[in-house]
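A note on names: the letters A, B, ... follow the listed sequences, proteins ahead of strands, and every chain is numbered from 1. As the structure is a computational prediction, the values presented were derived from the model and not from experiment.
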There are 2 protein chains.
Amino acid sequence: MTKNSKREQIINVALNLFYKEGFNATGVEKIREVANVSKKTLYNHFKSKDELILVVLRRRDEQFRNNFMRAVERFGTTPAERLVSVFDAADEWFNSKGFCGCMFINASAEFTAADNPIHVASAEHKRLMYEYVKSLAEKAGAENPAELSKQLNLLIEGATVQAHVSGDRNAAQTAKKMGKIFIKSALN
Amino acid sequence: MTKNSKREQIINVALNLFYKEGFNATGVEKIREVANVSKKTLYNHFKSKDELILVVLRRRDEQFRNNFMRAVERFGTTPAERLVSVFDAADEWFNSKGFCGCMFINASAEFTAADNPIHVASAEHKRLMYEYVKSLAEKAGAENPAELSKQLNLLIEGATVQAHVSGDRNAAQTAKKMGKIFIKSALN
DNA sequence: GACTATATAAACCGATCGGTATATGTTTGT
DNA sequence: ACAAACATATACCGATCGGTTTATATAGTC
């Protein structure tokens, strides 16, 4: 039970620090200190900082999509409703305490090269979000689920940026109003 | 004439390195080396790395908006056309060599605190882009120029993220198709 | 009770960080 | 021709970077 507790502790601490302070700005020593763990232990579990970042991103992806999907289900019941609910889920996220933008957009900003494993992992997260919304669109009987998902995701990304960079607390509502038009049109 | 050449050289080099490699990942020593300048000279012109970053962001804002506006004017002639052209300008940008996303989104990702001067400067750039599109919307006689500008900017942000994170070369075209709907609706 | 795995603290590595100091040129305007 | 302004190279500062090493302690398993 306590077998993986150290590892979990490191991942959780690293996730919070990376999200709030950034990846390059967060030193391994800081993570070690906050996690209350020896450096040896940290490097027993992760062979490098880059590997830790990748593990953290995988964890964040799981947590984020899980939370997002549960929020969508909470805000809507029918498939059609749930397409709209993605913006309510986004709204809740933007206005949650400690919101610092999208961790994967942030990661891509620090690791700009497209072939960097960290960048690739970020793109993968976006692909999974796309797949999720596409599956919602399919269940709702959208005309072109792939296109609708791409459109709704584009709106979410845009709202996320406005919420973070410009501190626009209503960005999700703006996007929701826009998204409804495409949803309605796709469900004819 | 060569009076400010050192200063200009430093700004240009720093701009390129910050954009391609990131802010925290780019050391002052690297900038000094590439700019072929002594460290003393660099610190005579800029009292700290943070100040240099702020100067670079101001420069980037000027260059970017200037270039963007000229592209918009190149792609469209009437005010109504030019509202659509913002997506052509974005398209050109996304597919230009060396594209690494939006420098201001990237800056906000590294300096997440909303009251950080660097973050504030990024928000200011977004505000100026908003004002520009709003002025286009006013000239085109849009019903609600402020709302239309916010919508179109949200689409541009979303496309920028998709283009950078996911490497989607067609993101601007997706956004253009979406934007046309709001433009048409606003111009009734 | 002995063995193995995992934990610890702390010293240490070379490299780099942002930034300063010093002492010596090289322009530049008058 | 001369002084002020700006340039240079280089050494230096303490702090931190990512990562390793060593020697010791604390678990859980047979």
Side-chain N,O ([X]) to OP1/OP2 ([N]) below 4.0 Å:
X: A/Thr41; N: C/dT8; answer: yes
X: B/His45; N: D/dC6; answer: no
X: B/Lys6; N: D/dT8; answer: yes
X: A/Ser38; N: C/dA10; answer: no
X: B/Lys30; N: C/dC17; answer: no

- Task: Go through C/dG18, D/dG18, C/dC17 for me and flag the one nearest to the B/Val28 side chain.
- Result: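 Selected nucleotide: C/dG18.
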Once you round it to whole Å, what is the distance between [atom2] of [N] and [atom1] of [X]?
X: A/Gln9; N: C/dT8; atom1: CD; atom2: P; value: 11 Å
X: B/Lys40; N: D/dA11; atom1: NZ; atom2: P; value: 17 Å
X: A/Asn24; N: D/dT16; atom1: CG; atom2: C1'; value: 14 Å
X: B/Lys39; N: C/dG18; atom1: NZ; atom2: P; value: 8 Å

- Relative to the 5' end of DNA chain D, which residue comes earlier, A/Gly27 or B/Leu42, by the nucleotide with the nearest heavy atom? B/Leu42
- 5'-most contact on DNA chain D: A/Lys47 or A/Ala25, nearest heavy atom basis?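 Its nearest nucleotide being more 5', the pick is A/Ala25.
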- Non-hydrogen atoms of A/Arg32 and A/Ser38 that approach each other most closely: CG-C, 3.8 Å
- So which heavy atom on A/Ile118 is nearest to which on A/Phe111, and how close?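 So the minimum-distance heavy-atom pair works out to CG2-CD1, 3.5 Å.
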- Message: If I pick the C1' atom on D/dA3 and the same atom on D/dA7, what distance separates them, to the nearest angstrom?
- Response: 16 Å
- Message: Looking only at side-chain N and O atoms, does B/Thr77 offer a donor or acceptor that is under 3.5 Å from a partner on B/Glu81?
- Response: yes
- Test A/Glu124 against A/Arg127 for salt bridge (charged side-chain N to carboxylate O under 4.0 Å, His left out), laying out the working first. CA-CA 5 Å; A/Glu124 175 63 7; A/Arg127 214 207 83 228; 2.8 Å; yes
- Task: Determine the contact category for A/Asn36: base if any of its heavy atoms lies under 4.0 Å from a base atom, sugar-phosphate if only primed atoms, P, OP1 or OP2 are that close, otherwise nothing.
- Result: sugar-phosphate
- Message: Which residue is it: B/Tyr132, B/Trp93, B/Phe104? I am looking for the one with a ring pair (Phe, Tyr, Trp, His ring centres under 6.0 Å) to B/Phe64.
- Response: B/Trp93
- Query: Has the side chain of B/Lys49 got a donor or acceptor atom sitting under 3.5 Å from an opposite partner on the base of C/dG19?
  - Reply: no
